[in-house]
Student: 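Structure below; questions to follow.
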Amino acid sequence: MKQNFNYFAIRNALYPQAGIGISANTFLLCLHIAAVFGGPKSRLTDLPITHLALTHILMLLTMGLLVSTDVWEAQDIPHNFKCKVLIFLNKVMRGLSISTTCVLSVLQAVTISPSGSWLANFKFKSTNTIVWLFLFLWVLTMSISSNLILCTVASPNKTQPGLLFLTNHCSFLLMSYRHRYLFVALMAFRDLLFLGLMVLSSAYMIFLLHRHKQRTMSLHSSRFSPRSSPEQRATHTILLLISCFEILYCVDSIISLFRGMMCTNDPILVCLQMLVANGYGTISPLVLISADTQTIKVMQTKWRNKVQLLIKFM
C-alpha cells in the first residue's frame, strides 16, 4: 500500500512540473521570438535559446501525455501508435536538449573569446550556420533514437516477460544484446561528446572571467567595483545553466546505473528518473528569464510606446 502511495505521489508531481515548465518555456520562447523579429540587434545565442525553449515545451508535453490517464482512455488512436510516437518524441527532445545546451555553451565561449585567439575564427557572421547545425542535430538524434519506434509497445493487461516498464501504458520490448548495446553505445557516445564539450567550454569561460577580473582589479582601486558587462552576465547565466544540467544528468545516470546493477524494473524508480530527467526542462527557462532582464526591459519599452501611440490615434 505504501509503495503504491509513493508511486502515485511521484507520478502526480510530474503534472505541476510539466505545467510550470511549459508555461516558463512558452514565455521564454515568445520573448526571444519578439527580440529576434522586433527587438534590437539580435544575439547569436537568441536562436539556440529559442530552440532550447521549443525543445523543452515538446519534451514536457510528451512527458505529461505519457503519464496522463485521459489520453489513454480515448480509443480512436491505437495505444501502440501513441506509445511509439510519444516515447520517440520524448527521447528525441531529451537528446536535442543536451545538444542545444552544448551549442549554447560553445557559442558563448566563442562570443567572449579575445579577437586574437584561435576561437575567434569560429565567430559566425550570420545565423545560417547555426540553422544548418540544428538540422544536423535533429537528423542525428532521430537516427540514434530510431530503435524506439520498433521496440516501444503498449503494456499488456498481464505481466509478460521480456518487457521493461516505461509508464503504466507503455513498455519497452527488449532487443537482442547486439542491437541493444549498439544503440546504448551510440547514445552514450553522443552524451559524453556533448558533456565533454560543455566541460571544456565552461572551463575556458571560467578562465577568461578570472583573467578579466584580475585585470580589472589591477586597473581599479579596491574601493571601486565596476559593473559587469552584458557578456559577463550572459556567461555567468550559461555557466549556471550548465551546472544545473550536469547535476541533474549525474543524478539521472546514478538512478540508471542503480536500476541496471540491481536488475530492477521498479515503477517508483522509473517515475523518479523521469522526474529528474525532465527537471532541467523546468529549471532552465526560469534561470534564463531571471537573468535576461535587459531583453525584458527593451520589449516592455517597445510595447509601452506602441500602446501609447495606439491611444493617441483612438
Side-chain angles (χ1 to χ4, degrees), residues 21 25 28-29 31-33 35-36 41-60 89 91-113 117-145 186-209 230-249 277-278 280-281 283-289 291-292 295:
N25 279 292
L28 182 66
L29 179 66
L31 180 68
H32 280 269
I33 288 176
V36 169
K41 185 180 179 181
S42 62
R43 300 163 296 185
L44 282 176
T45 54
D46 283 334
L47 185 57
I49 290 175
T50 303
H51 186 264
L52 186 67
L54 180 62
T55 297
H56 286 159
I57 289 172
L58 293 174
M59 183 178 75
L60 292 168
L89 282 177
K91 295 299 182 182
V92 168
M93 293 306 119
R94 284 185 61 187
L96 288 172
S97 176
I98 180 174
S99 59
T100 307
T101 305
C102 176
V103 170
L104 194 58
S105 172
V106 173
L107 268 180
Q108 188 61 34
V110 170
T111 301
I112 67 170
S113 60
S117 66
W118 66 275
L119 272 179
N121 299 323
F122 296 96
K123 290 188 178 182
F124 303 118
K125 299 295 187 293
S126 68
T127 58
N128 292 336
T129 307
I130 302 175
V131 172
W132 283 108
L133 176 61
F134 282 137
L135 286 174
F136 168 74
L137 291 175
W138 271 84
V139 173
L140 175 67
T141 308
M142 292 176 72
S143 300
I144 293 176
S145 304
L186 288 173
M187 289 183 184
F189 177 76
R190 179 200 63 190
D191 290 357
L192 289 175
L193 175 63
F194 289 135
L195 280 172
L197 288 173
M198 276 191 268
V199 170
L200 289 175
S201 58
S202 300
Y204 181 68
M205 286 188 283
I206 292 171
F207 167 74
L208 290 179
L209 288 175
E231 289 79 10
Q232 287 177 293
R233 292 195 295 271
T235 304
H236 284 117
T237 303
I238 300 301
L239 288 172
L240 178 60
L241 200 66
I242 294 170
S243 300
C244 293
F245 177 84
E246 290 177 347
I247 291 171
L248 291 172
Y249 185 86
N278 292 279
Y280 176 66
I283 295 172
S284 61
L286 301 176
V287 172
L288 291 168
I289 291 170
D292 201 3
T295 304

Student: Got a second to check how far L209's CG is from Y204's OH, nearest 0.5 Å?
Tutor: 11.0 Å
Student: Evaluate the side-chain contact (heavy atoms from CB on, under 4.5 Å) criterion for residues L96 and V92: first the C-alpha distance (whole Å), next the side-chain angles of each, then the deciding distance (0.1 Å), finally the verdict.
Tutor: CA-CA 6 Å; L96 288 172; V92 168; 4.0 Å; yes
Student: Any idea which heavy atoms bring T55 and M93 closest together, and the distance?
Tutor: CG2-O, 3.1 Å
Student: Could you check whether the rings of Y280 and F245 sit parallel, tilted or perpendicular, using 30° and 60° as the cut-offs?
Tutor: perpendicular
Student: Testing the basics here: between P48 and F134, what is the closest heavy-atom pair and its distance to 0.1 Å?
Tutor: CA-CZ, 3.7 Å
Student: Between T141 and G95, which heavy-atom pair has the shortest distance, and what is it?
Tutor: CG2-CA, 3.9 Å
Student: Identify the two heavy atoms, one from L60 and one from G281, that lie closest to each other, and give their separation to 0.1 Å.
Tutor: CD1-O, 3.8 Å
Student: Go through the steps for T101 and Y249 under the test side-chain contact (heavy atoms from CB on, under 4.5 Å), then give the verdict.
Tutor: CA-CA 12 Å; T101 305; Y249 185 86; over 6 Å; no
Student: Over all heavy atoms of both residues, which pair between S202 and I242 is shortest? Give the atoms and the distance, please.
Tutor: OG-CD1, 3.3 Å
Student: Can you measure from CE (M205) to CG (L200) and round to the nearest 0.5 angstrom?
Tutor: 10.5 Å
Student: Nearest 0.5 Å, please: how far is CG in L239 from OG in S105?
Tutor: 7.5 Å
Student: Distance from T129 atom OG1 to L133 atom CG, nearest 0.5 Å?
Tutor: 8.5 Å
Student: Less than 4.5 Å apart, side chain to side chain, heavy atoms only: is that true for L107 and I130?
Tutor: yes
Student: Tell me, do V139 and L135 make a side-chain contact under 4.5 Å, heavy atoms counted?
Tutor: no
Student: Measure the CG-OG1 distance between L208 and T235 for me, rounded to the nearest 0.5 Å.
Tutor: 8.5 Å
Student: What distance do Q108 atom CD and T111 atom OG1 have between them, rounded to the nearest 0.5 Å?
Tutor: 5.0 Å
Student: Among V106, I98, L241, whose side-chain contact (heavy atoms from CB on, under 4.5 Å) with M198 holds?
Tutor: I98
Student: Report yes if the side chains of L58 and L89 come closer than 4.5 Å at any heavy-atom pair, otherwise no.
Tutor: no
